[in-house]
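What you see below is based on every heavy atom in this structure, not just the backbone, and it leaves out hydrogens, waters and symmetry mates. Throughout, protein chains are lettered first and strands after them, A, B, ... in sequence-line order, and every chain is numbered starting at 1.
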Amino acid sequence: MNEQLLEKEKQLREQLRQLDSPMIQILGKRTCMVKTNMKEQLSTKGKRSDKIKARIDKINLKLDLLQQLYAIERNKRDKNVSLQQEIYRLENQIAYQQDALAMTNKNYLLPDMRNQIVTSIHASQNQLKTLNNEATKYNARKPLEYYETRIYQLDALKQRLTEQLHHNVINQESQKLPTEAVTMDETLNPTYDETEANYRNQVYTEVNGILDASVGDTKGREQFLGILGSFHHMFHKFGNSKKNDNQKKKI
Amino acid sequence: MQNNQTMLEVLDQNGQKQSVEVVFTYQDEMTKKEYIVYTKNEKAQNDMVILYASLVAINGDTMVFEDISDDEWKMLKEKMRDAIHT
């Protein structure tokens, strides 16, 4: 009995361990470096994208609801139109029957017909009352144009937000973040060699403010030094060509 | 920790549990693949911070961060640059 209890406890602990363990496992990654302020900018934009996505999700929900309501209103309108046609027909029928009744009042020779007409008028009036009640149920809560306008507006907003999301554009209310002018002189600074020395298993190449890392730990130190050598060669080559050009380039 | 930070608990490639900050996410409209850029806020010299980027995938019941191809990495860096410089 104790053994069963211990086994159960073991199972429960294992289940608990699995629940406690993080669900996300890193199997592979790329590495780069950016200036701290750029990371903050990126983070801010990322959050903004999340907010825009949330707004688009909400708009999609609203659009779905509005389209459903629009379809209902349209059905109601169609139903109401057919009911109004039926009401119109009945009103005409009653008017005709009342004319006929007036005729029979003048002619006492047709009492049976008169009774028949009176009965028919009562039936038509009851039917008219029912139809009017029915038609009230199908009265539009809001005109179809209301839904059409809102759907159009929301759809336009959704399109703008989707475009904004796609391009990661800052909306007009937000302060425009300054574009950092990164020149070759600044980014290909010799102090970057010190950075590389600190991250011996990584070689960084600079592209427009983002330092790209190629992880070389599996290839060994020799390969690393080889890559680093060609990296320096590239620096010098660039430096010489730059002297010749005597112009400052921006990436 | 700042309020607007999004933190994630992950298992690194050595099986170690780590807390990382999500910096940027991007979904490719064509492929619908999702990418994540995160940091352990490791500081380098020259006021640099190290970022990591992975493809977000589902493996069974587990979410995993997978390595990305050279083309995907190029594309993701472009998106990051767009975001920084826009």
Side-chain angles (χ1 to χ4, degrees), chain A residues 18 20-50 53 162 165-170 176-182 186-187 189 191-199 202 204 207-213 215 251, chain B residues 2 4-6 8-15 17-27 29 35-39 41-57 59 61-68 70 72-74 76-86:
Chain A
Q18 283 176 4
D20 282 343
S21 66
M23 298 301 287
I24 302 168
Q25 193 170 9
I26 297 174
L27 300 178
K29 61 179 184 287
R30 297 291 181 128
T31 311
C32 66
M33 290 203 303
V34 292
K35 294 258 186 193
T36 306
N37 66 333
M38 285 183 175
K39 181 218 130 188
E40 297 305 329
Q41 286 180 25
L42 198 55
S43 187
T44 310
K45 303 281 179 65
K47 300 291 184 301
R48 187 178 296 119
S49 293
D50 289 345
K53 273 183 197 164
T162 306
L165 183 66
H166 183 66
H167 295 293
N168 256 323
V169 173
I170 311 166
K176 183 134 185 159
L177 293 163
T179 302
E180 188 167 325
V182 185
E186 288 164 4
T187 51
N189 191 307
T191 54
Y192 278 48
D193 293 350
E194 294 167 21
T195 309
E196 285 152 7
N198 288 336
Y199 295 92
Q202 293 175 333
Y204 293 93
V207 189
N208 203 10
I210 296 174
L211 284 181
D212 194 0
V215 179
I251 297 178
Chain B
Q2 290 173 11
N4 61 354
Q5 283 180 336
T6 306
L8 279 181
E9 293 266 286
V10 295
L11 273 181
D12 68 14
Q13 285 155 300
N14 301 320
K17 193 173 169 181
Q18 291 197 342
S19 188
V20 299
E21 181 195 338
V22 179
V23 176
F24 183 76
T25 55
Y26 174 74
Q27 184 177 37
E29 283 188 355
Y35 303 90
I36 187 166
V37 177
Y38 56 94
T39 179
N41 282 312
E42 297 157 290
K43 301 282 183 196
Q45 288 186 0
N46 301 315
D47 194 30
M48 303 290 266
V49 63
I50 299 175
L51 302 184
Y52 302 99
S54 297
L55 170 71
V56 182
N59 187 355
D61 294 333
T62 314
M63 181 184 280
V64 290
F65 290 173
E66 292 178 349
D67 200 0
I68 53 184
D70 289 344
E72 287 174 315
W73 181 217
K74 197 176 164 188
L76 189 57
K77 280 188 291 185
E78 278 301 318
K79 296 296 170 194
M80 287 161 68
R81 280 185 206 110
D82 285 350
I84 290 170
H85 293 295
T86 307

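Put simply, the side chain of B:Glu9 does not reach to within 4.5 Å of the side chain of A:Ile24, judged on heavy atoms. No side-chain heavy atom of B:Glu72 sits under 4.5 Å from any side-chain heavy atom of A:Arg30. Counting only heavy atoms from C-beta outward, the side chains of A:Leu42 and B:Leu51 approach each other to under 4.5 Å. With contacts defined as side-chain heavy-atom distances shorter than 4.5 Å, the pair A:Leu27/B:Asp67 does not qualify.
Annotation: the span from B:Glu21 atom CD to A:Ser43 atom OG amounts to 5.0 Å, rounded to 0.5 Å. Once rounded to the nearest 0.5 Å, the distance linking CD of A:Gln25 with CG of B:Asp12 reads 9.0 Å. Rounding to the nearest 0.5 angstrom, the gap separating the CG atom in B:Asp47 from the CE atom in A:Met38 is 10.5 Å.
Contacts between B:Asp70 and chain A at a heavy-atom distance below 4.5 Å involve backbone atoms as well as side-chain atoms. Contact of B:Leu8 with chain A is made through the side chain alone, with heavy-atom distances under 4.5 Å.
Taking both residues in full, the closest heavy atoms of A:Lys39 and B:Asn41 are given as NZ-OD1, 2.9 Å, listed atom of the first, atom of the second, then distance. When every heavy atom of B:Gln13 is checked against every heavy atom of A:Gly28, the shortest pair comes out as NE2-CA, 3.6 Å. The two residues B:Asn46 and A:Lys35 have their closest heavy-atom pair at O-NZ, 3.7 Å.
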